[in-house]
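No experiment lies behind these values; they were computed from the predicted model shown.
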Amino acid sequence: MQASDRFNINSQLEHLQAKYVGTGHADLTRFEWAVNIQRDSYSSYIGHYPMLAYFAIAENESIGRERYNFMQKMLLPCGLPPERDED
C-alpha cells in the first residue's frame, strides 16, 4: 500500500462520514453509536412493509399501531444519554 492509496482511502472515509451521519467518526461515543444503530433499525422496519407486517402479527397489533410505536421508540431508542464527565 502506497501513501497515495492511504490518502485516497482516508479521503473517501471522510467523505462518507460527512455525507452519512451513521457512519461514525473518531469522537463518537458508545451511546451515540448505539442510538444510530437503533434508529437505523427502526427506520428500516418502518420502510419495509413485510417486516412491519411481521412485527405487527408477532405482537398482535395493527400495522399502523406498530409503525407509530416504532416512530415513538426512535425518539429515545436507548434511553436518556449518560452524564458527561467535564474535563
Query raised in the report: Roughly how far, to the nearest 0.5 Å, is the CD atom of Q38 from the CH2 atom of W33?
Result: 9.5 Å
Report summary line: Minimal heavy-atom distance between F31 and G79, with the atoms involved, is CZ-O, 3.5 Å
Query - Shared hydrophobic cluster for Y49 and I57 (ILVMFWY, side-chain gaps under 4.5 Å) - result: no
**Report entry** Closest non-hydrogen atom pair between L52 and I46, with its separation
**Finding:** CD2-O, 4.2 Å
Query raised in the report: Using 30° and 60° as the class limits, which term best fits the ring planes of F55 and Y45: parallel, tilted or perpendicular?
Result: tilted
Query raised in the report: If you look at every heavy atom in I63 and A56, which pair is closest and at what distance?
Result: CG1-CB, 3.9 Å
Query raised in the report: Where is the tightest heavy-atom contact between P77 and V35, given as atom of each residue plus distance?
Result: CG-CG1, 3.9 Å
Report task. Drop me the distance from E59's CD to Y54's OH, to the nearest 0.5 angstrom. Result -> 10.0 Å
Report task. Would you give the length of the straight line joining atom CZ of R39 to atom CG of L75, rounded to the nearest 0.5 angstrom? Result -> 7.5 Å
Report task. Look at the side-chain heavy atoms of Ile, Leu, Val, Met, Phe, Trp and Tyr, link any pair under 4.5 Å apart, and say whether L76 and F70 land in one connected group. Result -> no
Query raised in the report: Under 3.5 Å, side chain of S41 to main-chain N/O of I37, donor-acceptor pair present?
Result: yes
**Report entry** Test item: S43 and M74 side chains (from C-beta on) under 4.5 Å apart, heavy atoms
**Finding:** yes
Requested in this report: Quick one: pull up CZ in R65 and CD in Q72 and give me the separation to the nearest 0.5 Å.
Outcome: 9.0 Å
